Amino acid sequence: MRVKNLIGRRTATPPRDAVTPSHQILLRGGYVRQMGQGIFSLLPLGQRSRAKIEQILREEMDAIEGQEILMPVVTPAELWQQSGRYQAIGGELVRFDDRSGHPHVLNMTNEETVVDVVKANVDSYRQLPFMVYQVQTKFRDEPRSRAGLIRVREFIMKDGYSFHRTPEDLEAYYDRVLEAYKRIFKRCGLTQTVDISSDTGMMGGRLAHEFMFLSPHGEDTLLLCDSCGYRANREVVPTKRSFKPAQDEPLAEMQRVDTPGTKTIEEVATFLKTTADRCCKAVLFMTRDDKPVAGFVRGDMDLNQAKLRNAIMAAELRPMREDEFAQFGSVAGYFGPVGLDPEVWTMRFDRSILETPNLVIGGNEKDVHVTGFNLARDLEGAEVIDLADVVEGDPCPECGTGLRQSRGIEVGNIFQLGTKYSESMELLYTEEDGVAKHPTMGCYGIGVGRTLACVIEEHHDENGPMWPATVAPFTVQVCCIQAKKQPVREAGDALYQALLKAGVDVILDDREVGAGFMFADADLIGAPVRVIISPRNLKNDAVEMKYRVANADESLPTSLPIAEAAETIPKLVKKLIDAIEG
RNA sequence: CGGGGUGUAGCGCAGUCUGGUUAGCGCGCCUGCUUCGGGAGCAGGAAGUCGGUGGUUCGAAUCCACUCACCCCGACCA
């Protein structure tokens, strides 16, 4: 490839809309073209890098006996109805009818499809265990896409599914996948990626890990223990701290108080001359079938929606609208647990409510609160669970050390699904003893485009990407300074052809442009190795070597005799790749 | 879904409040000359349904109504 023919406009100024570094660079470097909200075309540079990431994925999946298949993007709704997810999943699943009126979906994940494939092809324990995977387009109609390739609606994902005779066998294989994933992210140059325990969410199943690229631009909050190595998504970290006051307090009586115009915790606390940690915060939701749910945490804490959702086994919770409060006997801003119909409301209380005496609660009446609330005394049969967000400094659930908080971008995840799908979709095989059994399943995903974006997030400077050699669209760029001069052009062309022949991903810039322009442009292409051919260097029968990473290995040569360049450069590239892959 | 913002040439923007020749500027693009090691200079040139539809008006990028798209924050999210 020659730069002059490369499709993808590179610009000095980033589009104003892009905020995240990877988003800016993807646009500035002509890697992608946005077609709509969360929908992108990949241009040659982006596509080449994507292909390299996919190649790594394939190698690592094959190394753990994965078998690559390809499933369709469109699936008849029937399959999703069988698993129950057609009903359970909200608007992010795109549903549509074909011309004859049959409902279909755009796959957002492929458990249903893969179970159908396996059903038709597996019947004996002799065939287990196995794993199949694909690299295929997914569509999720996200309510809000953002940050370039980090959160999109249409994306390419590597998704794998394994089938086992026993949960123990799944667990053993799961560990192998976990190790494979670590190798994948290492080979892609993502050193800031950690595996953490996570919620199973809509996938179901019991054990799950997410692979998080640590970044301030991440959308998930992680808690890490520097002492014992515990790390988990905030959604699943249990609260271990005590909420009991330092000294025992006598329990006050419950008392109605007028609190005009105090809708927020802060307003109530100020009005009653107390603090937020002596107020009871109610967070209200509706289930999918419009049943009201209330979660209570102390006023100084945040309610963790995932914890509440899991505790009441709800598929989905949405915030209650203000106009819905009245029909369930309360008022927005003055909601309290006392006096509500327990037949109507599903209520759960955080341990902080149980342990903190004499709380302020809402009076379920405009401008009225109640003081002196003590859960154990005042509400019979209240269900106390862990509902609050853990925050930085809270004790580690494993060892008690203070936790550190970080943000992360989810680049991959793995689930132990168990028999959720093999049961709901009636997938059976015959065991050794002749009995039909549901196989135990695992599933394993990696977002390819998101991984690409994270590579840029980790490896860039103000001039553009600094690609790891393993996933660089081009590993070598040959720059011809003063390409108008025939010896320069000829030398550049000869080296380019020789490197191509040696199998190097090389791009040649023989445009008649100024050196400054050419170098700035090359920075946006981001090849790890740059070879400069110029009249000055030719005079010494040499080529000049530059590396996109400023502090690259000092053993790398800064110039080469031109006669040796074609032979030495492929070795340099291999050395750079080996350094990443270890 | 709520809040905020933006739509004018490939990219970045001015012009809109206060309607008035042919809609401008910078970058990029094309031609020529001179330059030539970190985004060169001069000269000439091409490129626009002013997001869309409807309306007001002698006249609309500009005023009015509706609408679409995208971005940011929140909600949401395997």
Side-chain angles (χ1 to χ4, degrees), chain A residues 4 7-20 23-24 27-30 33-40 85 88-93 107-111 138 140-148 150-153 155 157 159 161 198-205 208-211 217-220 233 235 283 285 305-306 309 315-322 409-415 417 420-421 443-447 450 462-464 479-485 488 511-524 530 532-537 544 546:
Chain A
K4 65 182 171 197
I7 296 303
R9 189 186 307 277
R10 292 169 302 285
T11 58
T13 48
R16 185 178 257 266
D17 287 341
V19 174
T20 316
H23 189 194
Q24 290 188 352
L27 291 171
R28 268 183 66 198
R33 162 87 182 173
Q34 184 163 3
M35 311 306 285
Q37 188 189 106
I39 302 173
F40 289 83
R85 289 206 289 189
I89 294 181
E92 57 271 36
L93 177 66
N107 282 330
M108 54 194 291
T109 170
N110 278 53
E111 284 74 14
K138 304 287 182 290
R140 296 181 186 182
D141 196 357
E142 297 279 354
R144 188 180 161 215
S145 53
R146 54 176 289 274
I150 288 178
R151 185 165 203 81
V152 292
R153 297 197 297 168
F155 58 101
M157 176 166 135
D159 48 328
Y161 308 87
S198 68
D199 185 37
T200 52
M202 79 159 181
M203 301 298 292
H209 285 83
E210 290 170 335
F211 286 79
H217 297 109
E219 304 181 289
D220 291 275
N233 193 307
E235 292 181 342
V283 188
F285 300 95
Q305 197 173 325
R309 191 180 59 223
E316 195 181 344
L317 291 177
R318 65 167 173 84
M320 186 180 282
R321 295 191 309 267
E322 282 214 9
I409 299 169
E410 182 186 353
V411 284
N413 55 27
I414 57 180
F415 291 88
L417 292 173
K420 173 178 167 162
Y421 294 94
C443 78
Y444 319 98
I446 287 181
R450 191 180 275 189
E462 65 280 7
N463 299 317
C479 291
C480 297
I481 305 296
Q482 295 193 54
K484 194 181 247 181
K485 295 191 172 143
V488 170
R511 293 176 299 173
E512 295 174 16
V513 297
F517 179 89
M518 187 178 281
F519 291 153
D521 206 37
D523 285 342
L524 281 169
R530 187 179 306 170
I532 300 164
I533 294 174
S534 69
R536 193 165 90 187
N537 293 327
E544 192 176 338
K546 288 229 174 186

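Only a predicted model underlies this, so the values are computations on that prediction, with no experimental measurement involved. Letters go in sequence order (proteins before strands), and every chain restarts at 1.
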Participant: Rounded to whole angstroms, how far apart are CD on A/E512 and P on B/U35?
Facilitator: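 Answer to the nearest Å: 14 Å.
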Participant: Mind calculating the distance between CD (A/E92) and C1' (B/C1) to the nearest angstrom?
Facilitator: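 Answer to the nearest Å: 14 Å.
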Participant: At a cut-off of 3.5 Å, list every protein nitrogen or oxygen paired with a nitrogen or oxygen from nucleotides 68-73 of chain B, distance to 0.1 Å.
Facilitator:
unit_1 : atom_1 : unit_2 : atom_2 : d
B/C70  : OP1    : A/Q37  : N      : 2.8
B/C70  : O3'    : A/Q34  : NE2    : 3.4
B/C71  : OP1    : A/Q34  : NE2    : 2.8
B/C73  : OP2    : A/R144 : NH2    : 2.1

Participant: In whole angstrom, give the distance that lies between atom CZ of A/R511 and atom P of B/G39.
Facilitator: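 Between P of B/G39 and CZ of A/R511: 15 Å.
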Participant: Could I get the full list of salt bridge (charged side-chain N to carboxylate O under 4.0 Å, His left out) partners for A/E512, not counting sequence neighbours?
Facilitator: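 A/E512 satisfies salt bridge (charged side-chain N to carboxylate O under 4.0 Å, His left out) with no other residue.
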Participant: Return no unless some side-chain N or O of A/R309 is found under 4.0 Å from OP1 or OP2 of B/C77.
Facilitator: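 Checking A/R309 against B/C77: at least one side-chain N or O falls below 4.0 Å of OP1 or OP2.
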Participant: Are the side chain of A/R450 and the backbone N or O of A/E410 linked by a donor-acceptor pair below 3.5 Å?
Facilitator: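 Such a contact is found between A/R450 side chain and A/E410 backbone.
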Participant: Rounded to the Å, how far apart are A/F155 CZ and B/C77 P?
Facilitator: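 To the nearest whole Å, that distance equals 16 Å.
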Participant: Indicate whether the side chain of A/E544 and that of A/N537 have a donor and an acceptor atom separated by less than 3.5 Å.
Facilitator: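 Indeed, the side chains of A/E544 and A/N537 share at least one donor-acceptor pair under 3.5 Å.
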Participant: Take atom CD1 of A/I7 and atom C1' of B/G10, then tell me their distance rounded to the nearest Å.
Facilitator: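 Distance, rounded to whole Å: 12 Å.
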Participant: Considering residues at least two apart in sequence or located in another chain, which fulfil the salt bridge (charged side-chain N to carboxylate O under 4.0 Å, His left out) criterion with A/R511?
Facilitator: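 Salt bridge (charged side-chain N to carboxylate O under 4.0 Å, His left out) check on A/R511 returns A/D509, A/D521.
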Participant: For the C1' atoms, the ones on B/A9 and on B/G5, what distance do you get once it is rounded to whole angstrom?
Facilitator: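 To the nearest whole Å, 23 Å.
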Participant: Could you check whether A/D220 gets within reach of a base, just the sugar-phosphate, or nothing at all, counting any heavy atom under 4.0 Å?
Facilitator: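 Contact class for A/D220: none.
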